[in-house]
Structure formats: C-alpha cells, structure tokens
Q: 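For reference, the structure I am asking about is given below.
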Amino acid sequence: MPARTLIDRRDEFQRALAAWYRQHARRLPWREAPSLYKTVVSEFMLQQTQVRTVLPYFARWLDALPDFSALAAAPEARVLKLWEGLGYYSRARNLHRLARAVVALPAPPRTPEAWRELPGIGPYTAAAITSISFGAPAACVDGNVVRILARLTADSTGFRDSASASKAFAALAAALLPPKNPGDHNQAMMELGATVCFRQNPACTVCPVLDFCAARLTGAPEDFPKLAPKKIEQRAVTRVWCEHGGRLLLHRAASHARRLADLHELPEPAALGLEADALAADGSTLLATGKRGITRYQITEKIHAARLTPALQRRIAAEPDSLRWIPLDQLDTVTLSGPHRRWVTEILAKRKKTEPSAASRGSAP
DNA sequence: AAGTCGGGGAG
DNA sequence: CTCCCAGACTT
C-alpha cells in the first residue's frame with residue numbers, strides 16, 4: 001500500500017519537500033513582494049500556460065494595471081490588448097469581471113468556496129489563491145500534482161482526461177497538506193513537478209522525496225500517470241488578405257462570440273460572401289500558409305490576396321461592426337489573435353523587404 | 001462526462 | 001515535428 005505508507009510518513013514528507021523548496025524555489029515575479037492581486041493575476045495567466053510564457057506578460061500587465069482598482073477601471077479593449085498572444089482569451093475577460101466584482105465587495109473573499117463564486121475560478125485556482133494569500137487549508141491539484149502523486153503511489157489507473165485524474169487525487173493531496181504554510185506546500189509540489197519530476201526524463205537523482213516514491217521502485221516513473229492520449233484532428237481554413245488605400249481588412253468577432261470575442265483576425269471568405277474555392281480558382285496570390293494548434297485541432301490556414309470588388313465593398317459597408325478597415329500603420333491599436341498577429345507582421349515584413357517602395361507608398365514625403 | 005477554448009514553447 | 005502545460009466553462 002504505497003498510498004498508506006506515504007500518508008503514514010506525511011510529516012517527514014512535508015519536511016523534506018519544504019526544506020527543498022526553501023533552497024530551490026525559483027525567483028518568480030509574483031513571489032517578490034507577494035500580494036493578493038499578483039497571486040490572482042499570475043494564477044489566471046498560468047492556467048494551461050507555462051511559467052516561461054507568462055513572465056513577459058505578467059511584467060507588462062503589472063506595469064499597466066498595478067492593482068484591482070486599475071484593472072476594474074480599465075476598458076475591456078485595453079485588457080484584451082495586454083492579453084494579446086497569451087491565448088484562451090476568456091481568461092482575460094473573466095479576470096476583468098473578477099476585478100470588478102472584488103472592488104465592489106467590502107473586502108476580498110478569504111475562502112475557496114467564496115472564490116469559486118467568482119468568474120474564472122475553478123477548484124485549482126480557488127485553492128491556489130486562498131492557500132497562498134490567506135493560508136487557507138486547501139490543496140492544489142494541477143497537472144504537476146497529479147503527476148507527482150501518481151508517481152509517489154505508482155498509481156496505474158488509466159485516466160480518461162486530466163479532470164478525472166485531478167478528482168481522483170484530490171483526497172490524497174488534501175491528506176498531505178500541512179496545517180502550517182499550506183501555500184508554500186502547494187507551491188513546492190508544483191515547483192517539484194515543474195523543475196524535477198518532469199513528464200519525461202524526471203530528474204530522480206536530485207529529487208528530495210525520492211525516498212517516498214513508489215514509481216522509482218518500478219524503474220519507469222515516466223509511466224505514471226496513465227492518461228488517455230487525445231487524437232488530433234486536422235482542419236484547413238482559408239483567409240483573405242484584402243488591402244486598399246493603405247488599409248487592411250480585418251474581421252472582429254462579436255462580443256458574445258464563443259471564440260475570440262472582440263478579437264481581430266484576417267477574415268474567412270464566408271464572412272465576405274466569397275467562396276473559398278472561387279478565391280483559389282481566381283488565381284489569387286497565396287501570400288502565406290500558417291499553422292496553429294489548439295487542444296485537439298491542428299489548423300492550417302492559407303492566406304489568399306483578394307481584390308476589393310464592388311460586391312465586396314457593399315458587403316463590408318453592410319457589416320461595419322465585424323468588418324473593419326485598419327490602417328497598416330495602426331495595426332498595433334487593435335487586438336489580433338496570436339497567430340494572426342504573427343502572420344500579418346511576417347507578410348508585411350516580407351513585402352517591405354522585396355518592395356521597399358510599396359510599403360512607403362502614400363506616406364512618403 | 002465530453003467537448004471547447006481557435007496557444008505557445010521546448011525538445 | 002511532438003508533447004506538455006499552475007484549468008475553466010459550456011452543453
């Protein structure tokens with residue numbers, strides 16, 4: 001019974017982990033002069049996103065919106081712009097709504113249950129925020145913790161997804177949580193997962209809790225946890241590059257759209273009343289091919305140039321909210337999805353290199 | 001319970 | 001290329 005052994009040696013395990021964490025904790029910006037606001041912002045950004053990716057966004061965000069009041073008072077366009085490229089944009093919208101809810105309260109909630117009522121707060125984030133900021137006895141169960149607990153106990157259960165795995169390890173995580181400094185314990189567990197107990201090639205030789213690990217005895221710690229692989233689906237999308245008078249045509253998703261609400265992307269043919277096939281058959285120039293991935297989709301996007309016809313012009317005039325002409329020198333003022341920001345930048349840079357005169361047309365003295 | 005969010009980075 | 005990641009929300 002590895003699980004029983006681990007719980008029996010709980011105090012010893014906690015001490016070994018805590019001693020390691022004191023010595024090896026990374027210096028991260030949300031750990032310097034920690035505050036509730038920094039903790040909340042970092043936890044939102046870190047949902048499904050690695051520390052390395054978050055770092056520049058976090059710095060920029062704190063600089064622009066230093067506290068709940070500033071965030072609550074900010075227009076949503078500014079919030080989205082600061083989130084541009086980080087992905088999963090509902091996180092930004094939820095964080096914004098959360099800030100407005102928090103400043104409307106006499107004081108921020110202090111329990112996981114109360115935080116769960118706020119937008120964007122699930123079991124993990126509620127436990128992280130309240131244990132770190134208020135010392136609440138709530139155990140975090142994220143991907144790191146699942147991996148560590150599955151290995152400590154050599155649990156060979158086949159989980160269909162990460163949600164069910166988290167649920168399965170919630171009780172053990174709670175049993176291992178010390179009453180003192182639960183926030184540090186939670187962070188130590190995740191730190192161990194991120195810097196030692198890697199998904200592949202775990203650094204067992206430097207693990208502070210190797211002595212408690214049942215998977216080590218099996219000789220194949222990377223076999224745990226057993227998670228069902230997800231199958232990838234390929235998709236193909238055509239995009240339209242329509243430029244006229246130094247302006248680029250972009251499509252803005254509606255505020256209530258399920259995806260990319262209020263964000264801009266290069267329009268799909270359908271949004272312009274065009275047929276994708278006709279566009280390609282028309283012999284229009286293929287400007288670029290890009291790939292993007294999201295969850296189980298691998299999407300290939302072909303960006304075709306299209307001329308501004310009278311019919312297209314009418315269509316654009318009829319949809320002023322979603323089809324917008326953005327001057328090329330003002331593209332920075334709108335928020336694009338990460339991939340489209342990249343591709344638009346690349347296309348413009350390439351053209352500027354091959355035809356320097358075209359890029360400066362109209363703005364030359 | 002399953003599907004979706006239209007991501008990004010490192011190996 | 002592939003795989004993983006400090007999850008939450010909707011249906």
Side-chain angles (χ1 to χ4, degrees), chain A residues 26 28 30-31 38-58 83-95 97-98 115-129 131-132 139-148 159-167 173 183 186-195 197-202 222 225 227-233 235-237 239 251 253 256-261 263-266 268 290-301 336-343:
Chain A
R26 289 170 292 181
L28 300 173
W30 45 91
R31 291 177 180 164
K38 287 185 192 175
T39 301
V40 169
V41 171
S42 65
E43 291 301 341
F44 268 77
M45 290 187 171
L46 287 164
Q47 289 170 6
Q48 288 300 98
T49 307
Q50 299 181 141
V51 167
R52 186 172 287 98
T53 306
V54 165
L55 287 174
Y57 285 91
F58 183 83
W83 204 273
E84 182 184 271
L86 201 48
Y88 298 117
Y89 297 92
S90 61
R91 293 184 294 174
R93 302 167 68 89
N94 285 335
L95 177 55
R97 289 169 53 208
L98 180 146
W115 276 89
R116 285 284 271 120
E117 302 298 316
L118 296 169
I121 304 288
Y124 164 78
T125 310
I129 290 171
S131 67
I132 293 171
C140 290
V141 185
D142 72 335
N144 288 307
V145 174
V146 165
R147 190 166 64 253
I148 292 167
F159 298 104
R160 79 179 161 273
D161 55 34
S162 59
S164 61
S166 299
K167 207 169 166 182
N186 280 329
Q187 293 190 80
M189 289 286 281
M190 295 186 279
E191 193 82 353
L192 186 67
T195 65
C197 198
F198 304 119
R199 183 68 190 87
Q200 291 173 316
N201 301 317
E222 51 280 334
L227 284 164
K230 49 191 163 199
K231 27 193 176 285
I232 300 298
E233 184 178 323
R235 290 198 181 183
V237 175
R239 297 286 181 170
H251 176 265
H256 52 81
R258 197 161 49 86
R259 303 186 294 229
L260 297 173
L263 267 75
H264 295 76
E265 290 202 313
L266 294 168
E268 293 189 51
K291 288 185 187 299
R292 72 202 296 185
I294 181 70
T295 58
R296 67 188 196 88
Y297 298 105
Q298 179 61 238
I299 304 153
T300 303
E301 305 199 1
L336 274 73
S337 71
H340 281 227
R341 169 66 66 191
R342 203 161 53 243
W343 300 336

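Worth knowing before you read on, the calculation uses all heavy atoms, side chains too, and leaves out hydrogens, waters and symmetry mates. Every chain is numbered from 1 and lettered A, B, ... according to where its sequence line falls, protein lines coming before strand lines.
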Q: Would you mind telling me which residue lines up with the more 5' stretch of DNA chain C, Arg116(A) or Arg147(A), judged by nearest nucleotide?
A: Arg147(A)

Q: Taking for each residue the nucleotide of DNA chain B with the nearest heavy atom, is it Val237(A) or Lys167(A) whose nucleotide lies nearer the 5' end?
A: Lys167(A)

Q: Base, sugar-phosphate or nothing for Arg296(A)? Non-hydrogen atoms, less than 4.0 Å.
A: sugar-phosphate

Q: In whole Å, measure the gap between the P atoms of dC4(C) and dG6(B) for me.
A: 23 Å

Q: Scan side-chain atoms only and decide if Arg91(A) and Asn94(A) contain a donor-acceptor pair under the 3.5 Å cut-off.
A: no

Q: Any base atoms under 4.0 Å from Trp83(A), or only sugar-phosphate, or nothing? Heavy atoms, all strands.
A: nothing

Q: Take the protein atom CZ of Phe159(A) and the nucleotide atom C1' of dA2(B), then report the distance between them rounded to whole Å.
A: 17 Å

Q: 5' to 3' on DNA chain C, which nucleotides open and close the contacts with chain A (atom under 4.0 Å from a heavy atom)?
A: dC1(C) to dC9(C)

Q: Taking atom P in both dA6(C) and dT4(B), what distance in whole Å separates the two?
A: 24 Å

Q: Check this for me, if you would: do Glu268(A) and Arg235(A) make a salt bridge, where the nitrogen-to-carboxylate-oxygen distance has to be below 4.0 angstrom?
A: no

Q: Base, sugar-phosphate, or nothing for Ser166(A), non-hydrogen atoms under 4.0 angstrom?
A: nothing

Q: Among all residues two or more places apart in sequence or in another chain, which pass the ring pair (Phe, Tyr, Trp, His ring centres under 6.0 Å) test with Trp115(A)?
A: none

Q: About how many Å separate NE2 of His264(A) and CG of Leu336(A), when rounded to the nearest 0.5 Å?
A: 7.5 Å

Q: I'd like to know if Arg31(A) pairs up with Glu191(A) as an ion pair, taking the criterion as any Lys NZ or Arg NE/NH1/NH2 lying under 4.0 Å from an Asp or Glu carboxylate oxygen.
A: yes

Q: Any protein N or O atoms within reach of nucleotides 7-11 of chain B? Criterion: under 3.5 Å, listing atom names and distances.
A:
unit_1, atom_1, unit_2, atom_2, d
dG7(B), OP2, Arg292(A), NH2, 3.1
dG7(B), O3', Gly85(A), O, 3.4
dG7(B), N7, Gly293(A), O, 3.1
dG7(B), N2, Gln48(A), O, 2.9
dG8(B), OP1, Gly85(A), O, 2.8

Q: Show the nearest heavy-atom pair for residues Trp30(A) and Lys38(A), with the distance to one decimal.
A: CB-O, 4.0 Å

Q: May I ask you to verify if any side-chain N or O of Arg259(A) is less than 4.0 angstrom from the OP1 or OP2 atom of dT4(B)?
A: no

Q: Taking salt bridge (charged side-chain N to carboxylate O under 4.0 Å, His left out) as the criterion, tell me which of Arg259(A), Arg292(A), Arg341(A) meets it with Glu265(A).
A: Arg292(A)

Q: Determine the contact category for Arg31(A): base if any of its heavy atoms lies under 4.0 Å from a base atom, sugar-phosphate if only primed atoms, P, OP1 or OP2 are that close, otherwise nothing.
A: base

Q: For Glu191(A) and for Arg258(A), locate the closest nucleotide of DNA chain C by heavy-atom distance; then report the residue assigned to the nucleotide nearer the 5' terminus.
A: Glu191(A)

